[in-house]
Amino acid sequence: MKVLSVASECAPLVKTGGLADVVGALPGALAAEGVDMRVMLPAYPGLAERLTRPRRLTVPLEGQGAATLIAGRLGEMRLYLVEAPELYARGGGPYLDQDGADWPDNHLRFGWLARVAAAAAKRGAGRWRPDIVHAHDWQAGLTPAYLKAVEGGGPPVLTTIHNIAFQGVFPAQVLGALGLPQGLMTIDGLEYWGGVSFLKGGLALSERISTVSPGYARELMRPDFGLGMEGLLRHRARDFTGILNGIDEGVWNPADDPALAAPYAAGKPAGKAKNRAALAERFRLTPHDDAPLFIVVSRLTRQKGIDLILAVLPALLERGACLAVLGSGERGFEAGFAAAAAAHPGRVGLVTGYDEPLSHLMQGGGDAILVPSRFEPCGLTQLYGLRYGAVPVVARTGGLADTVIDANPAALAVGAATGFQHDPGEAAALADAIGRACGAFADRAQWAAIRDAGMRQPVGWDRSAAAYAALYRDMRARAS
Ligand code: ADP
């Protein structure tokens with residue numbers, strides 16, 4: 001089974017969030033299922049240089065010249081980089097310029113990614129021709145449109161929604177520049193409130209749709225979560241499924257993690273204390289032995305409930321707890337934590353920016369991780385928290401609700417509890433969950449039971465990789 005995975009980011013090459021982790025982990029996870037998955041990405045600056053044995057391939061495009069791919073490997077992963085210097089060879093990030101504004105030609109940049117993916121899917125990249133295309137998020141959303149409307153058909157497409165809040169909506173006029181027929185500007189095509197939605201194209205024209213947790217799949221069919229796509233997703237409910245993300249247990253393993261101060265594992269937690277001390281030192285905190293050191297590793301946005309954390313900070317500090325925050329995002333939130341750190345030295349610490357090794361040390365040293373998202377498609381940081389014994393305190397929504405077992409009396413009685421859940425979007429509910437976590441922490445045996453149950457919870461890719469492989473097989477069977 002050959003699958004072409006099309007995305008705008010892929011760890012460890014280029015990452016702004018969980019999408020990259022998933023795209024980067026899937027090929028290795030699926031290899032065990034007999035799936036040969038290769039990843040197609042834009043050739044952002046510096047990427048080609050990191051591939052081993054790079055070589056150029058030409059992909060003819062239906063009616064419109066040819067595109068160039070750089071094929072190569074990164075470790076075991078095989079990649080195709082779409083070479084288009086006028087679109088991708090520039091500073092800044094994958095989506096934003098140096099000042100944080102969207103690139104004005106994002107429709108062309110990601111339209112081209114989909115255009116080339118469709119051609120490679122139909123005609124092959126060199127001699128390799130996929131059975132299935134797996135397109136991720138709006139950036140790859142036009143792939144089935146190009147396959148159907150320009151290439152005249154090809155392998156079936158699975159579109160995965162990693163976050164419905166990002167839809168890739170542009171004015172209707174871009175359709176011409178994208179080389180797509182006006183006939184696609186319909187309610188069951190790309191049309192979305194008079195504009196063009198790349199994501200909607202993926203949802204309407206793909207053979208199958210998935211998202212990254214069963215809980216989020218159910219939520220997306222409701223008006224309060226679907227952001228206008230709920231009707232389409234309900235209409236396509238039979239082709240729509242939720243498959244939980246896993247984590248890359250090679251990269252995220254507390255027993256063997258170069259970013260940690262000391263290794264540890266479930267049943268051998270001694271090293272955790274050294275990481276707690278290293279984390280405290282890094283953030284200049286002086287945590288008490290009988291109150292948790294909470295961590296936050298997150299984009300600092302309203303989606304992530306960051307305003308709620310700021311609101312409950314006084315209650316958290318009153319319990320004698322500490323807070324270490326690693327994140328970047330909305331200036332107001334960064335300023336809020338900076339002010340709290342200044343007002344409460346030794347109790348609140350902040351590192352702004354993006355720091356991958358520090359994110360590992362946070363999970364290693366933290367007693368508990370706060371993830372009070374208003375919505376959360378899957379969430380990875382609570383999974384890292386489970387694996388690293390940073391007990392998750394999460395909002396009861398989407399993938400968070402699917403992956404953390406609340407420490408209610410029944411779950412505690414049978415040793416199943418792995419964290420704490422609270423109603424989403426409510427500061428009082430978050431404060432209550434933090435209070436429950438502090439209470440549990442003070443009872444060493446109870447805390448150890450919750451933490452160890454979490455560390456033993458399977459959070460790898462095994463089951464989900466099998467689910468994807470089964471889905472691909474079903475798609476191929478139906479296509480032939
Ligand atoms: P999302 O993709 O919505 O941002 P996820 O929880 O799915 O949320 O994934 C976030 C990923 O980004 C995780 O791997 C997390 O560790 C990482 N991350 C978020 N903020 C930072 C940061 N400031 N520094 C390092 N890693 C971060």
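Just follow the structure's listing: the first ligand is 1, and inside any ligand the first atom is 1.
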S.K.: Please tell me whether Phe166 and Trp138 form a close aromatic pair, meaning their ring centres lie under 6.0 Å apart.
M.R.: no
S.K.: Over all heavy atoms of both residues, which pair between Ala411 and Asp406 is shortest? Give the atoms and the distance, please.
M.R.: CB-O, 3.2 Å
S.K.: Please list the nearest protein heavy atom to atom 5 (P) of ligand 1 with its residue and the distance rounded to 0.1 Å.
M.R.: Leu380 N, 3.7 Å
S.K.: Write out the residue and atom name of the closest protein heavy atom to atom 22 (C) of ligand 1, then the distance separating them to 0.1 Å.
M.R.: Tyr354 CD1, 3.5 Å
S.K.: Provide the number and element of each atom of ligand 1 under 4.0 Å from a heavy atom of Asp355.
M.R.: 24 (N), 25 (C)
S.K.: Checking Asp248 side chain against Ala25 main chain: does a donor-acceptor pair fall under 3.5 Å?
M.R.: no
S.K.: Near Gly327, which atoms of ligand 1 are under 4.0 Å from a heavy atom of that residue?
M.R.: 23 (N)
S.K.: Say whether Lys304 and ligand 1 are in contact under the criterion: heavy-atom distance to a ligand atom below 4.0 Å.
M.R.: yes
S.K.: I'd like a table of donor-acceptor pairs (distance under 3.5 Å, sequence neighbours excluded) in which one partner is a side-chain atom from residues 325-336, with atom names and distances.
M.R.:
unit_1 : atom_1 : unit_2 : atom_2 : d
Arg331 : NH1    : Gly329 : O      : 3.1
Glu334 : OE2    : Gly329 : N      : 2.9

S.K.: Under a plain distance cut-off of 3.5 Å, with no hydrogens placed, do Gln303 and Asn163 share a side-chain donor-acceptor pair?
M.R.: yes
S.K.: Hey, what's the ring geometry for Tyr472 with His134, parallel, tilted or perpendicular (30° and 60° as the breaks)?
M.R.: perpendicular
S.K.: Are the aromatic rings of Phe225 and Tyr216 close, with centres under 6.0 Å apart?
M.R.: no
S.K.: Would a distance-only check, ignoring hydrogens and angles, find a side-chain to backbone donor-acceptor pair under 3.5 Å from Lys272 to Gly364?
M.R.: yes
S.K.: To check your reading of the model: name the closest protein heavy atom to atom 15 (C) of ligand 1, its residue, and the distance in Å.
M.R.: Thr381 CG2, 3.6 Å
S.K.: Hey, does Gln303 come in under 3.5 Å of ligand 1, counting only N/O atoms on both sides?
M.R.: no
S.K.: Report yes if some N/O of Gly353 lies less than 3.5 Å from some N/O of ligand 1; otherwise report no.
M.R.: yes
S.K.: Could you verify whether a donor N or O on one side chain and an acceptor N or O on the other, from Ser210 and Thr160, lie under 3.5 Å apart?
M.R.: yes
S.K.: Does ligand 1 have an atom that lies less than 4.0 angstrom from a heavy atom of Lys15?
M.R.: yes
S.K.: Examine ligand 1 and decide if any of its atoms is less than 4.0 Å from a heavy atom belonging to Cys378.
M.R.: no
S.K.: Do ligand 1 and Ser328 have nitrogen or oxygen atoms that lie under 3.5 Å from each other?
M.R.: no
S.K.: With the threshold set at under 4.0 angstrom, would you say Leu326 reaches ligand 1 through any of its heavy atoms?
M.R.: yes
S.K.: Please say whether Gly18 places an N or O atom under 3.5 Å from an N or O atom belonging to ligand 1.
M.R.: yes
S.K.: If you measure only the distance, is there a donor-acceptor pair under 3.5 Å linking the side chains of Tyr388 and Asn275?
M.R.: no
S.K.: Polar-atom distance check: Gly17 versus ligand 1, any N or O pair below 3.5 Å?
M.R.: no
S.K.: Please work out, at 4.0 Å between heavy atoms, whether the side chain, the backbone, both, or neither of Asp21 comes within that distance of ligand 1.
M.R.: side chain
S.K.: Consider only side-chain N and O atoms of Tyr44 and Glu9, and report whether a donor and an acceptor are under 3.5 Å apart.
M.R.: no
S.K.: Starting from atom 4 (O) of ligand 1, find the nearest protein heavy-atom neighbour and note its residue, name and distance.
M.R.: Arg299 NE, 2.8 Å
S.K.: How does Pro377 reach ligand 1, by side chain, by backbone, by both or by neither, if only non-hydrogen atoms under 4.0 Å count?
M.R.: neither
